[in-house]
Amino acid sequence: MKNLEKVNYKGFIWSLVVGIVLWLITPWRPRGLSLQAWEMFAIFVATIVGCITKPLPIGGTTLLGMVVTVLVGLAPVKDVVNSKGVVIQTGILSSFGNSAAWLIAMAFIMAHGISKTGLGNRVAYLMIKKFGKRSIGIGYAVTGLELIMGALIPSNSARTGGVTWPIVESISKSYKSNPHDPSRKKIGAYLDFTAFHANILSTALFITGAAPNLVAQQMAAQKGYQMSWISWFWAGLVPVIVATLIIPIVIYKMYPPEITKTPNAKNWADGKLKEMGPMSEPEKIVAIVFSLAILLWVLSGFFKIPQLNSAFVAFLAVTLLLITGVLSMEDALHETGAWNILIWLSILILMAGKLISYGFIDWFAKFIQSEVHGISWGLVLVVLVLLMFYTHYFFASGTAHMTALYLPFLTVATAMGAPLGLSAMLLAFTGVINASTTHYANGPASILATTGYVKQKEWWKMNFILGILYMLIFSIVGSLWMKIIGVWFSPLISIQKKLIQK
């Protein structure tokens with residue numbers, strides 16, 4: 001190799017400035033905070049800033065943060081145990097055994113089977129064929145496609161870039177609706193924008209829908225709340241159904257396509273299906289394996305069987321895809337997204353854990369509690385939801401945002417008397433729907449806002465309106481639904497307990 005890899009050295013500036021300033025003011029840290037707590041806070045904030053400014057990809061940025069944490073003595077390399085063999089300080093190597101990180105990494109490899117075999121495209125064409133007589137029908141078909149893919153593909157960016165966007169682009173151009181052109185409003189702009197919001201809904205329905213969901217899961221666990229695949233699904237089911245029925249029609253009224261009837265869509269989908277031919281053997285195997293995985297994930301939520309651990313189910317599914325020949329080890333090793341997320345998610349969770357163990361999170365919660373003494377927990381939770389949503393204007397990463405604010409906000413909410421389950425799920429859902437803000441809010445936004453179909457001004461304006469709608473649906477409908485199914489005061493949904501008792 002003759003040339004060095006490109007590094008965004010300018011991206012280090014703000015991260016270094018913030019980290020150094022916080023480190024230098026350590027002697028004047030707030031009263032009640034230990035030296036280690038403040039130093040860990042300084043490194044954590046500098047790392048989050050680096051995840052935003054991106055001097056290196058997020059994996060490299062978090063690795064740097066981990067190295068600094070070890071060098072200054074805030075974390076050992078290996079676990080430190082006492083004379084009785086009890087771990088008294090977690091080492092960085094143990095962080096890479098995090099089950100959530102491995103679950104999402106294996107899910108990435110599983111999803112490779114969807115794209116490799118073409119099963120994802122087949123499902124898309126079938127839905128367009130069924131619902132594609134009108135523009136709004138295609139909008140709902142795209143939404144339905146995203147909801148199905150949300151259970152199968154763990155990356156919201158991969159779903160959008162690999163499945164949904166190519167379908168939207170093909171349909172749009174078949175009606176001569178082109179980007180960067182007045183014809184964009186024939187149908188392309190409507191479908192492009194609808195596809196983005198369909199992605200938000202699919203992410204909200206499944207805990208494996210995107211990486212920030214897994215961050216919320218791990219941080220909620222540190223406060224004693226357990227989110228399983230099925231418990232997240234049950235909690236999100238009704239608000240997502242309501243939003244799925246409402247959002248496409250609101251977009252249709254707010255941003256109407258010039259073409260309302262699309263009789264050619266069925267013929268287009270038919271043609272694509274004929275090109276694909278009958279369902280292949282690899283497609284059938286992938287469909288069976290994914291169905292089995294989802295079934296086992298559901299069962300693992302209802303029945304606490306050790307062998308049905310969510311991460312193990314993902315390992316099992318990948319193994320089945322390997323031994324049946326659908327995937328090769330080369331496929332698994334080349335799925336860079338899987339190994340990237342394994343690194344950065346493990347490290348961020350480790351750093352958040354250190355903030356807890358050194359007492360920073362408890363201090364923060366007590367500080368806020370003293371400042372808002374006498375205010376009802378309901379009002380505090382509303383304020384936290386609003387902050388969780390609108391502060392996303394300052395973030396270009398859902399993961400960075402969730403890592404920075406979720407645990408402190410959850411701690412504050414529960415310290416004020418808010419129900420643990422309600423607070424954990426409502427803040428987690430807010431970390432999903434806050435993508436309805438900017439054109440850089442997350443990966444799918446970066447993809448769909450830059451296609452040339454929707455202007456940036458339109459994107460911000462319409463998302464501002466839809467963001468309010470999302471918050472109303474999830475805060476009102478979602479909260480009432482979660483009270484009905486027993487989420488508010490219970491770490492596990494009461495429906496699961498009743499089924500287990502039966």
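Scope of the values below: all heavy atoms of this structure, side chains included, with no hydrogens, waters or symmetry mates. Please read all numbers here as calculations on a predicted model, not as lab measurements.
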Within 6.0 angstrom of W377 CH2, more than 12 heavy atoms from elsewhere: yes
Residue pairs involving residues 140-154 (criterion side-chain hydrogen bond (donor to acceptor under 3.5 Å, both in side chains); sequence neighbours excluded): E146-R159, E146-T164, E146-N199, E146-S202
Gap separating the OG1 atom of T403 from the CE atom of M351, nearest 0.5 angstrom: 10.0 Å
Shortest non-hydrogen contact from I246 toward I249: O-CG2, 2.8 Å
Backbone of V432 reached by a side-chain donor or acceptor of T203 within 3.5 Å: no
Pair Y470 and H197, ring centroids less than 6.0 Å apart: yes
Backbone of G209 reached by a side-chain donor or acceptor of N156 within 3.5 Å: no
Non-hydrogen side-chain atoms of L327 and I109 separated by less than 4.5 Å: yes
L420 side chain reached by L410 side chain, heavy atoms, under 4.5 Å: yes
Where S183 and N178 come nearest, the two heavy atoms and their spacing: OG-N, 3.0 Å
Rounded distance (nearest 0.5 Å) linking atom CD1 of I285 with atom CG of L321: 8.5 Å
Separation of N434 CG from I200 CD1 (nearest 0.5 Å): 8.5 Å
Sidechain-backbone polar pair: S177 side chain, G188 backbone, donor-acceptor under 3.5 Å: yes
Backbone N/O of I476 and side chain of S479: donor-acceptor pair under 3.5 Å: no
Side chain to side chain donor-acceptor pair (under 3.5 Å) involving E458 - partner list, sequence neighbours excluded: R184, Y255
Minimum heavy-atom distance A220-M227, with the two atoms named: CB-CE, 3.7 Å
Distance-only side-chain donor-acceptor flag, S328 / D331, under 3.5 Å: yes
Side-chain (Y252) to main-chain (G139) donor-acceptor, under 3.5 angstrom: no
L381 versus A413, closest heavy-atom pair with distance: CD1-CB, 4.0 Å
Pairs involving residues 276-297, ordered by first then second residue, that meet salt bridge (charged side-chain N to carboxylate O under 4.0 Å, His left out) (sequence neighbours left out): R122-E283
Closest approach of F12 to V7 (non-hydrogen atoms, all atoms of both residues): CE1-CG1, 3.9 Å
Distance flag, aromatic centroids of W459 and F464, threshold under 6.0 Å: no
Nearest heavy-atom neighbours spanning A332 and W339: O-NE1, 3.0 Å
Side-chain heavy atoms of S172 within contact of Y453, under 4.5 Å: yes
T53 side chain reached by K10 side chain, heavy atoms, under 4.5 Å: no
Pair L201-L205, side-chain contact (heavy atoms from CB on, under 4.5 Å): steps then yes or no: CA-CA 6 Å; L201 295 173; L205 189 57; over 6 Å; no
side-chain contact (heavy atoms from CB on, under 4.5 Å) assessment of W234 paired with M425: CA-CA 11 Å; W234 276 119; M425 292 309 307; over 6 Å; no
Residues in ring pair (Phe, Tyr, Trp, His ring centres under 6.0 Å) contact with F44, at least two apart in sequence or another chain: none
Residue list, side chain to side chain contact (heavy atoms under 4.5 Å, CB included) with S15, at least two apart or on another chain: A46, V49
Residues in salt bridge (charged side-chain N to carboxylate O under 4.0 Å, His left out) contact with K223, at least two apart in sequence or another chain: none
Separation between OG1 of T411 and CD of Q222, rounded to the nearest 0.5 Å: 9.5 Å
Main-chain N/O of A428 paired to N213 side chain as donor or acceptor, under 3.5 Å: no
Candidate pair I433 and F474, rule side-chain contact (heavy atoms from CB on, under 4.5 Å), full reasoning: CA-CA 9 Å; I433 62 175; F474 279 85; 3.8 Å; yes
Main-chain N/O of T208 paired to W232 side chain as donor or acceptor, under 3.5 Å: no
side-chain contact (heavy atoms from CB on, under 4.5 Å) assessment of I187 paired with E258: CA-CA 6 Å; I187 192 171; E258 295 173 0; over 6 Å; no
Polar contact flag, side-chain donor to acceptor under 3.5 angstrom, T437-N463: no
Short side-chain to backbone donor-acceptor contact, S423 and T414, under 3.5 Å: no
Heavy-atom check, side chain of P179 versus side chain of T451, under 4.5 Å: no
Euclidean distance, M388 CE relative to Y406 OH, rounded to 0.5 Å: 8.0 Å
Test item: L350 and S346 side chains (from C-beta on) under 4.5 Å apart, heavy atoms: no
Side-chain donor/acceptor of W102 to backbone N/O of F315, under 3.5 Å: no
Min side-chain heavy-atom separation P256-Y190 under 4.5 Å: no
Separation of L422 CG from L426 CG (nearest 0.5 Å): 5.5 Å
Ring-ring centroid check W229 F233, cutoff 6.0 Å: yes
Close side-chain approach of V286 to K116, heavy-atom, < 4.5 Å: no
Donor-acceptor contact below 3.5 Å, side chain T430 vs main chain V385: no
